[in-house]
Each structure stands twice: as C-alpha cells, then as structure tokens.
Amino acid sequence: MPLVTSAGRLVLTAAVCAGLLVGCAGEPRTAQGPQVPVKKTAAAPAPGAPARPAPAEIPGLGPGTRSHIPATSTQALVVKGDGPHSHQSTAVLYERDPATGWKAVSQPWPAHNALRGWTANHRAGDLRTPIGVFALGDAGGALPDPGTLLPYDQDAEFNLSGTGFLGEPLEGSFDHVVAIDYNRIPGTSPLNKVRPLGLGKGGGVWIHVDHGGPTRACISLQRDDMRQLLLALDPAKKPVIVMGDAGTLGR
C-alpha cells in the first residue's frame with residue numbers, strides 16, 4: 001500500500017520493492033528465466049585405483065548352501081562334518097558385516113555329530129544329523145543361564161544318564177543346550193515335544209555339551225566352547241546353524 005510522507009511524496013515500502021525482485025522460493029529472478037538443474041555424475045575412479053573387493057563369503061560353502069542363509073542373518077555357526085558317514089566335525093562361528101562380508105569370530109571348535117554321519121532326509125532313529133540351514137533361537141539346560149541373550153529355560157528335565165556309543169558317560173550333556181529349529185516350534189523351550197513335520201521326521205535336535213562320542217542326531221561342543229557359543233549368540237543377529245558334511249555344504 002502506498003505511504004504518503006509529510007512532504008506529500010509517494011514512497012514505496014521496502015516490502016513492496018522486495019516483492020518485485022524476489023520470486024516465490026525466495027531466490028532472485030534473472031533475465032534468463034528459470035534455471036535448469038545440473039545433473040551430477042559420480043567421479044570416475046582414478047586410473048590404476050584398486051577396485052573395492054567383494055564382501056567375503058564363508059569359506060567352503062557353495063552357492064546352493066549360501067542361498068539358504070537368510071539375508072537378515074548376520075550370525076552363523078558353521079558345522080562341517082569330516083565326511084558323509086563320519087561323526088567327527090568342526091564348528092566355527094561367523095558374523096557378517098554389510099560392507100566387508102563374513103568373518104570368523106571364534107576359533108575352530110571340535111564337535112561331534114550323529115553316529116552314522118549326515119542325511120538330507122532325516123528320520124527318527126536313523127542316527128544321522130539333518131543337513132541344512134536352521135535358526136537358533138531358544139536355549140536351556142539343567143544348569144543356570146550363563147548369561148546368554150537367548151531365551152533360556154532352566155529345568156530339571158534336562159537330564160541324561162547312561163553311556164554313549166563308545167561307552168562314555170552321558171551325564172551333564174544337557175547342562176546347556178541350544179535348540180536347532182528342525183521340526184520344532186520356534187520360540188518355545190527346547191523341551192517342547194511338538195513336531196510340526198510329524199514324529200517320523202524326528203526332532204529334539206540340539207547343540208549340547210560334548211560327552212566324548214557321537215550323538216543320536218545332535219551337535220555337541222566341548223563345555224567351554226558351548227559356554228562361549230551361548231554368550232555370543234544374539235537374537236538381534238538372527239543366528240542360524242549351517243551344518244552338514246563338507247562335500248554337501250560345498251555345493
């Protein structure tokens with residue numbers, strides 16, 4: 001609105017002047033019209049610069065096995081059997097960084113699997129350990145929780161007596177266990193006996209304390225290694241176990 005001074009002269013307010021010079025976005029108008037955005041392009045790598053390495057994969061796992069590891073899992077216990085009919089195996093815990101890939105975070109742990117080795121079609125009583133990639137989400141044992149982040153069920157029912165296939169005592173084998181999600185309901189105690197695939201497909205497949213000999217279907221680790229595993233497993237990392245004989249896992 002015009003403002004009349006005492007001298008009778010007409011003066012434009014500063015706000016009106018500014019409105020003539022400034023557009024809606026508050027940028028000065030130019031005689032050239034609207035500006036065209038300049039498309040930015042990524043700088044080309046310097047000649048001779050090394051290419052960024054691909055994220056590391058878990059050694060010894062073939063593309064078929066790797067394809068079964070969920071994209072959300074960043075923690076994997078890999079158990080490789082010495083052979084399809086061997087009860088001797090080795091376990092290593094790996095973790096995945098989005099940029100650099102998988103890296104071992106434990107020493108190789110000696111382990112046992114089932115008496116007759118491995119199978120891709122596990123049946124109850126076949127004395128073989130199922131091959132595959134399975135989630136690890138629930139723990140328990142006869143002894144108190146050592147401090148794991150997994151849900152832990154301490155119960156007197158975690159007991160085992162008698163002798164194993166080599167005559168070794170079985171007592172204490174279930175002091176600590178981690179349930180392998182084969183033919184079970186996740187999110188329940190390892191003691192839960194519901195078998196979604198039917199009783200004929202077996203169940204109750206655990207990681208437990210080693211008793212010095214082959215198992216019926218489980219994976220067993222030495223007591224100190226079992227405790228380290230329990231302290232390392234983190235539900236936020238969606239941990240899995242990748243297990244089988246080395247030849248099958250390499251496919």
Side-chain angles (χ1 to χ4, degrees), residues 70 73 75-79 87 89 91 93 106 109 111-115 118-119 122-162 164-165 168-244:
S73 294
Q75 199 170 48
L77 178 69
V78 179
V79 181
H87 59 258
S89 50
L93 184 64
S106 79
W109 294 327
H112 281 105
N113 52 276
L115 176 68
W118 302 88
T119 180
H122 181 59
R123 304 293 300 177
D126 65 6
L127 300 182
R128 295 182 182 273
T129 301
I131 296 170
V133 178
F134 308 99
L136 301 174
D138 302 288
L143 296 183
D145 180 357
T148 182
L149 295 175
L150 300 179
Y152 190 92
D153 178 27
Q154 183 184 4
D155 196 298
E157 193 175 336
F158 287 102
N159 63 75
L160 190 62
S161 58
F165 295 109
E168 75 280 11
L170 299 177
E171 186 176 357
S173 299
F174 297 163
D175 283 351
H176 297 299
V177 312
V178 176
I180 296 171
D181 282 357
Y182 169 82
N183 199 16
R184 69 179 299 269
I185 299 177
T188 64
S189 167
L191 295 171
N192 189 328
K193 294 180 173 57
V194 176
R195 303 289 178 251
L197 301 178
L199 297 177
K201 292 295 289 181
V205 182
W206 298 343
I207 307 169
H208 62 69
V209 177
D210 189 72
H211 46 72
T215 70
R216 297 185 63 83
C218 297
I219 300 296
S220 62
L221 299 175
Q222 294 180 10
R223 184 172 294 271
D224 287 346
D225 299 336
M226 183 69 195
R227 189 174 186 278
Q228 287 186 52
L229 176 66
L230 278 166
L231 295 177
L233 290 177
D234 183 352
K237 298 178 181 179
K238 309 293 184 184
V240 296
I241 184 170
V242 183
M243 60 184 190

So with a 6.0 Å cut-off around CD of E168, is the heavy-atom count from everything else above 12?
-> yes
Nearest heavy-atom approach of P235 to L150 is CG-CD2, 3.8 Å
Side chain to side chain contact (heavy atoms under 4.5 Å, CB included) with N113: of P214, S89, S220, only one passes, and it is S89
Is the closest side-chain heavy-atom distance between V209 and R227 below 4.5 Å?
-> no
side-chain contact (heavy atoms from CB on, under 4.5 Å) between I207 and L77: does it pass, once the steps are laid out?
-> CA-CA 11 Å; I207 307 169; L77 178 69; 3.7 Å; yes
Not counting sequence neighbours, list each pair that qualifies as a ring pair (Phe, Tyr, Trp, His ring centres under 6.0 Å) and has a residue in residues 188-208.
-> F158-W206, F174-W206, F174-H208, H208-H211
Going by atom type alone, with no hydrogens or angles, which donor-acceptor pairs under 3.5 Å involve a side-chain atom of residues 183-194 and a protein atom two or more places apart or on another chain?
from	atom 1	to	atom 2	distance (Å)
N183	OD1	L197	N	2.6
N183	ND2	G198	O	3.1
N183	ND2	G202	O	2.5
R184	NH1	D138	OD2	3.0
R184	NH1	D181	OD1	2.7
R184	NH2	T188	O	2.6
R184	NH2	T188	OG1	3.3
R184	NH2	S189	O	3.3
T188	OG1	I185	O	2.7
T188	OG1	N192	ND2	3.4
S189	OG	D153	OD2	2.6
S189	OG	L191	N	3.1
N192	OD1	V194	N	2.9
K193	NZ	E157	OE2	3.1

In short, ring pair (Phe, Tyr, Trp, His ring centres under 6.0 Å) pairs touching residues 126-156 with sequence neighbours left out are F134-Y182
Compile the donor-acceptor pairs under 3.5 Å between side chains in residues 125-132 and protein atoms, sequence neighbours left out, one pair per line.
from	atom 1	to	atom 2	distance (Å)
D126	OD1	H122	ND1	3.0
D126	OD1	R128	N	3.0
D126	OD2	H122	ND1	3.4
D126	OD2	R123	N	2.9
R128	NH1	H85	ND1	3.4
R128	NH1	R116	O	2.5
R128	NH1	W118	O	3.4
T129	OG1	A114	N	2.9
T129	OG1	A217	O	3.0

Atom CD1 in I241, atom CD in Q75: separation rounded to 0.5 Å?
-> 12.0 Å
Step-by-step side-chain contact (heavy atoms from CB on, under 4.5 Å) determination, L233 to V178 = CA-CA 10 Å; L233 290 177; V178 176; 4.3 Å; yes
If you look at every heavy atom in L93 and A232, which pair is closest and at what distance?
-> CD2-CB, 3.6 Å
List the steps and the verdict of side-chain contact (heavy atoms from CB on, under 4.5 Å) for D210 and L221.
-> CA-CA 5 Å; D210 189 72; L221 299 175; 5.6 Å; no
Looking only at heavy atoms, which two atoms of S173 and L160 are closest? And how far apart?
-> CB-CD2, 3.9 Å
Does any pair with a residue in residues 232-244 pass side chain to side chain donor-acceptor pair (under 3.5 Å), and if so which ones, sequence neighbours excluded?
-> E95-K237
Nearest heavy-atom neighbours spanning G137 and P151 = O-CD, 3.2 Å
Does the side-chain contact (heavy atoms from CB on, under 4.5 Å) test come out yes or no for W109 and Q228, once each step is laid out?
-> CA-CA 10 Å; W109 294 327; Q228 287 186 52; 4.1 Å; yes
For H176 and P146 the tightest heavy-atom approach is CE1-CD, 3.8 Å
Looking only at heavy atoms, the pair that brings P70 and V133 closest together is CD-CG1, 4.4 Å
Roughly how far, to the nearest 0.5 Å, is the CD atom of Q154 from the CG atom of L143?
-> 7.0 Å
For D225, check salt bridge (charged side-chain N to carboxylate O under 4.0 Å, His left out) against everything at least two apart and list the hits.
-> none
Please determine which of V242, I219, I180 meets the side chain to side chain contact (heavy atoms under 4.5 Å, CB included) test together with V79.
-> I219
Rounded distance [0.5 Å steps], OG1 in T148 versus CG in L229 = 8.0 Å
